[in-house]
Student: 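Here's a structure for you.
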There are 2 protein chains.
Amino acid sequence: MLAARILDAARAEFAQHGSAGTTIRAVARAADVDPALVYHYFDSKDRLLDAATNPPQRWLENVAKTWTTPVPQLGAALLRMMLSAWTDDEIGPILRAVLQTAAHEVSTREKLRRVVEGQLMGVSQLGIDEEDRRRRSGLISSQIMGLAMMRYIWKIEPVASMSEDEIVAAVAPNLQRYVDGDLG
Amino acid sequence: MLAARILDAARAEFAQHGSAGTTIRAVARAADVDPALVYHYFDSKDRLLDAATNPPQRWLENVAKTWTTPVPQLGAALLRMMLSAWTDDEIGPILRAVLQTAAHEVSTREKLRRVVEGQLMGVSQLGIDEEDRRRRSGLISSQIMGLAMMRYIWKIEPVASMSEDEIVAAVAPNLQRYVDGDLG
C-alpha cells in the first residue's frame, strides 16, 4: 500500500522535525516514492499531517469498549488496553507519532486534546456528576500518558523494561483510585 | 542580560522546531541580537541547545532537598515542589522547553533521561533495595511527568485549571503509594 507507506514515513518525519521542519519532498524520499504521488494522495502538507496523526478506528473502538468494563475492574482494564495498543504494530507507531508531534505542533496538540477529551474521557460512566467524571478521566489520562512517555518514548529504565504484569500490579491500583476512590 | 535573552529565544525555537528546524539566525532574530553574538556566547547550535535545556541549579537543589522529606509526607512534598517549579517564572519555561524538545530531539531526550535517573530518581531513600528504589522513583516520575504534560503543555481540561490544593488532594495519595505502598 503506497498510501500507508507514505503515512509511515510522514509519521517519522513529523515526529522528529515537526510540521515546520518537514517537507513533502523529504517524506517522499523516506517513503521512496515521487513527491507528486504524495500530493496525489494527500493534497497538502497540512492534510498529510492530519492523516498521519489520526487515531486508528480500531483503537478508538477498543477504547470505547474498554470503558464499558465494570467499574471495579476498570483501572486494570484501561491499563492493559493501553499497554497492548503501544505494542501493536499498527497502533503503536501512530500513538508515538501523535505524542511526539503534539509536543511541538499546535494542530496535533488540539487533535490530541479532542481525542483525550472526547474519546478517552467522554464515554466513561465515572463519578457523581459531570465535573467529577471529567476530573477522574483527566487524572487517569495523566497517569497513562506519563507512563507511555516514560516507557515508550523516553524509554527511561526500569519502567521501560518492566513486564506488563509488573506494570499492572504497580499502576492499576492507582488508576482504580482515580476511577472510584476518594479524591479529597 | 543578553545571554539570558538568547537562551529564552532559543528555548522557544527548539521547543517548536527541534534542533533540525532551528537556525542560529532565527534565534538571533527572535532575541533581537546579531547572529555573531549568539556564536560569541554559545559557539555552535549544539552548545546552544545544551545550554538552553540545562535544568537550573536552583531547581536541582530544590529537588534534592525535597527528597529528604520524611517518607510519610514525600508524595505530597514531591508534588508541591513540581507544581511550584512549573509556575516559577524562571524554571517553568525551561522545564517546558526540555519536555517539548525531548519529544523530537535525541540529545535532549538523553539529557532528560539523565536528569530523571540521576536527580529525580537518584537521591531518594525508597524501597527495600536498589531495584525497588528505582522502580518506585520511575513510577513517581511517570505520574508527575504525565500530570505536567496534561496540565502545562497540552493544557487539557479540567486538569489544567484545577487548583494546586485540588491536584494535591487528588494525586498525592497515588504518589505516596509509589513511595511506600505495596506494588505487587
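Bear in mind the structure is a predicted one, so any value in this text is a computation, not a measurement.
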Student: With rounding to the nearest 0.5 angstrom, report the CG to CD distance, A:L175 to B:Q143.
Tutor: 8.5 Å
Student: Quick one: do B:I94 and B:I6 end up in the same hydrophobic cluster if we chain Ile, Leu, Val, Met, Phe, Trp and Tyr together by side-chain heavy atoms under 4.5 Å apart?
Tutor: no
Student: For A:V159, is there any backbone N or O sitting under 3.5 Å from a side-chain donor or acceptor partner on B:R134?
Tutor: no
Student: Membership question, hydrophobic clusters at under 4.5 Å side-chain separation (ILVMFWY): are B:L49 and B:V98 in the same one?
Tutor: no
Student: For B:Y152, look at atom OH and say whether over 12 heavy atoms of other residues, nucleotides or ligands are found less than 6.0 Å away.
Tutor: yes
Student: CZ of A:R5: more than 12 outside heavy atoms within 6.0 angstrom?
Tutor: yes
Student: Given heavy-atom pairs under 4.5 angstrom as the criterion, report whether the side chain, backbone, both or neither of B:V168 touches chain A.
Tutor: neither
Student: Using the rule that two of Ile, Leu, Val, Met, Phe, Trp, Tyr join whenever any of their side-chain heavy atoms come within less than 4.5 Å, decide whether B:I140 and A:M145 are in one cluster.
Tutor: yes
Student: Output the distance between atom CD1 (B:I156) and atom CZ (A:R109), rounded to the nearest 0.5 Å.
Tutor: 10.5 Å
Student: If we define contacts as heavy-atom pairs under 4.5 Å, which of A:G146, A:A160, A:A102, A:S142 has the most with chain B?
Tutor: A:S142
Student: Can B:I144 be reached from B:L83 by stepping across I, L, V, M, F, W or Y side chains whose heavy atoms are under 4.5 Å apart?
Tutor: yes
Student: Against chain B, work out which of A:Q100, A:R151, A:R96 has the most heavy-atom pairs shorter than 4.5 Å and name it.
Tutor: A:Q100
Student: Could you pull out the closest heavy-atom pair between B:R177 and A:A169, with the gap in Å?
Tutor: NH2-O, 3.3 Å
Student: Looking at every non-hydrogen atom in both residues, tell me the closest pair between A:M150 and B:G138 and how far apart they are.
Tutor: CE-O, 3.3 Å
